[in-house]
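Note: hydrogens, waters and symmetry copies are ignored here, and every other heavy atom, side chains too, is used. Reminder, nothing fancy here: chain letters follow the sequence lines and each chain counts from 1.
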Protein chains: 2
Amino acid sequence: MKISRDKLIENRQRILDAAARMFRERGFEAVTVSEVMKAADLTHGGFYNHFKSKDDLIAKTFAHALLPAPTNDGSAEPAMVDYARAYLSGAHRDAPGSGCMLSALAAEGARCNDETRKVMGEATRAQIARFAATAPGTTAEARRRAAIARWSAMLGAVILARAIDDTALSDEILSATLEAVEAPGS
Amino acid sequence: MKISRDKLIENRQRILDAAARMFRERGFEAVTVSEVMKAADLTHGGFYNHFKSKDDLIAKTFAHALLPAPTNDGSAEPAMVDYARAYLSGAHRDAPGSGCMLSALAAEGARCNDETRKVMGEATRAQIARFAATAPGTTAEARRRAAIARWSAMLGAVILARAIDDTALSDEILSATLEAVEAPGS
DNA sequence: TGTACATCAGTGAACGCGCGTTCACTGATGTAC
DNA sequence: TGTACATCAGTGAACGCGCGTTCACTGATGTAC
């Protein structure tokens, strides 16, 4: 039956939230459209009222989870050092479902449609600009390049820490990378 | 028909080579068993003479492509700086099929079977030991931690450079990370 | 405000396709004598 | 060395399953009057 406009929007958000969590946990291909709809308390048939295809859902999920609240105006951004600590924590490593979209899905996203790659580009530009504000360096260019190297290290460290079976080494990867990212001279 | 023992071993190598290339290019789930066998000039029915399942192929492919020629004895390893230059090049970014297994498949591998995660752990330990030999630092521990941070940055940079649609930014990610990894003070 | 009706998001059965996997068969290989 | 035969990697048709997607139908919503 038809539902209210508010309910429609709420349903769409629930689909995107469920998809974002499940995709990050298990990847795009292992998650089915039916599973996402079920997790959103809906039946699979209604999926195509919201999205053109599963590929479309992937692109929209990336935008939904990667570009939330466009520059949350004025609200205090966590300092770079706090952000890095949370990012390079065991908690973030162990909870990909609620973590960084890129650390879970950047490689798979690279093989997706153009819309997805475009969103990842935008998110990367935003992240670099954010980090550059507090990166070391005497010129804006140097700070920007330092920000890029730090963001690469953080992303790579979480991906690596999640990939391996050795917990001690995994912890070490996170802490050694945090140390390098925090070091003022780096 | 039955084939010679040499041919059997050669066929298995061709299957693994084809799988390694195709998986890196397109991911585990997008590549079918039939496609791999076809690329190895075989028919799909014979697949199970070589591997227990597709999951088994994934684990064996990781071992095949990630741990090749166990410590190629004596033959000169490229210096860290040369390795980093090749790793953080546009050529490597644009040819995942013949590139680093981890930069293409670490995130997906993390969601695979234990054998795969174990192989990734071994490869990571080897890579860190290799980088630590030439990393900066006054103690072995400091060099090891610097090596971890550098390897994380290289891995993250290639994954990020492949993910985004903006060629100029992609190039910048590679060059800024190379600069940081080459810097003696880092 | 109240009433009549067109709209359309949600439902769940159904479809076609292609995947991983199995299997009966083939015939060159490798071995026993 | 030569011969007879058991082995087993490769072949390709077939299987069952579950995926993404479609569709006829439902009935509450939102609108026109």
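- Separating the NE2 atom of A:H50 from the P atom of C:dA9 is a distance of 8 Å, rounded to the nearest angstrom.
- Remark: D:dC25 base-pairs with C:dG10; criterion is Watson-Crick or G-U wobble with both hydrogen-bond distances under 3.5 Å.
- Residues B:I164 and B:I173 are in side-chain contact: their nearest non-hydrogen atoms beyond the backbone lie under 4.5 Å apart.
- As rounded to whole Å, 9 Å separates atom C1' of D:dG10 from atom CG of B:N11.
- In terms of heavy-atom proximity, A:A123 sits nearest to A:L66 at CB-CG, 3.4 Å.
- Nucleotide C:dG16: paired with D:dC19 (Watson-Crick or G-U wobble, both distances less than 3.5 Å).
- Under the 4.5 Å side-chain contact rule for hydrophobic residues, B:L42 and B:I3 do not share a cluster.
- Using Watson-Crick or G-U wobble geometry with both donor-acceptor distances under 3.5 Å, C:dG2 finds its partner in D:dC33.
- Residues A:L8 and B:F47 each lie close to DNA chain C; by heavy-atom proximity, the contact nearer the 5' end of the strand is made by A:L8.
- When rounded to the nearest whole Å, the span between CZ of B:R12 and C1' of D:dG10 equals 16 Å.
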Nucleotides 14-19 of chain C: protein proximity per nucleotide (B base, S sugar-phosphate only, - neither; heavy atom, under 4.0 Å): B----S
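- Under the 4.5 Å side-chain heavy-atom criterion for ILVMFWY residues, no single connected hydrophobic cluster contains both B:I128 and B:V81.
- Aromatic ring centres of A:Y83 and A:F131: separated by under 6.0 Å.
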Worked check of salt bridge (Lys or Arg N to Asp or Glu O under 4.0 Å) between B:K60 and B:D56: CA-CA 6 Å; B:K60 300 295 193 296; B:D56 184 39; 2.5 Å; yes
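- Rounded to whole Å, atom P of C:dT21 lies 12 Å from atom NZ of B:K52.
- If you check residues 17-28 of chain B against DNA chain D, you find no residue with a heavy atom closer than 4.0 Å.
- As a whole-Å value, the separation of A:N49 CG from C:dG12 C1' is 13 Å.
- The distance from atom OG1 of A:T116 to atom CG of A:D55, rounded to the nearest 0.5 Å, is 7.0 Å.
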Base versus backbone protein contacts along nucleotides 23-33 of chain D [heavy-atom cut-off under 4.0 Å; B, S, -]: B--BBBBSS--
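- Checked against a 6.0 Å centroid threshold, the rings of A:W151 and A:Y87 count as neighbours.
- The side chain of A:S53 lies closest to D:dT21, out of C:dA9, C:dG20, D:dT21.
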Evaluation steps, salt bridge (Lys or Arg N to Asp or Glu O under 4.0 Å), between B:K7 and B:E10: CA-CA 5 Å; B:K7 190 72 186 159; B:E10 187 205 311; 3.4 Å; yes
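- Using modelled atom types and a 3.5 Å distance limit, the side chains of B:R93 and B:S103 yield no donor-acceptor pair.
- Rounded to whole angstrom, the span from the CG atom of B:D41 across to the P atom of D:dG10 amounts to 12 Å.
- Atom NZ of B:K7 and atom C1' of D:dT7 are 20 Å apart (whole Å).
- The hydrophobic clustering, which links ILVMFWY residues whose side-chain heavy atoms are closer than 4.5 Å, places B:F51 and B:L8 apart.
- Using a 4.0 Å cut-off between charged nitrogen and carboxylate oxygen, B:E29 and B:R111 do not count as a salt-bridge pair.
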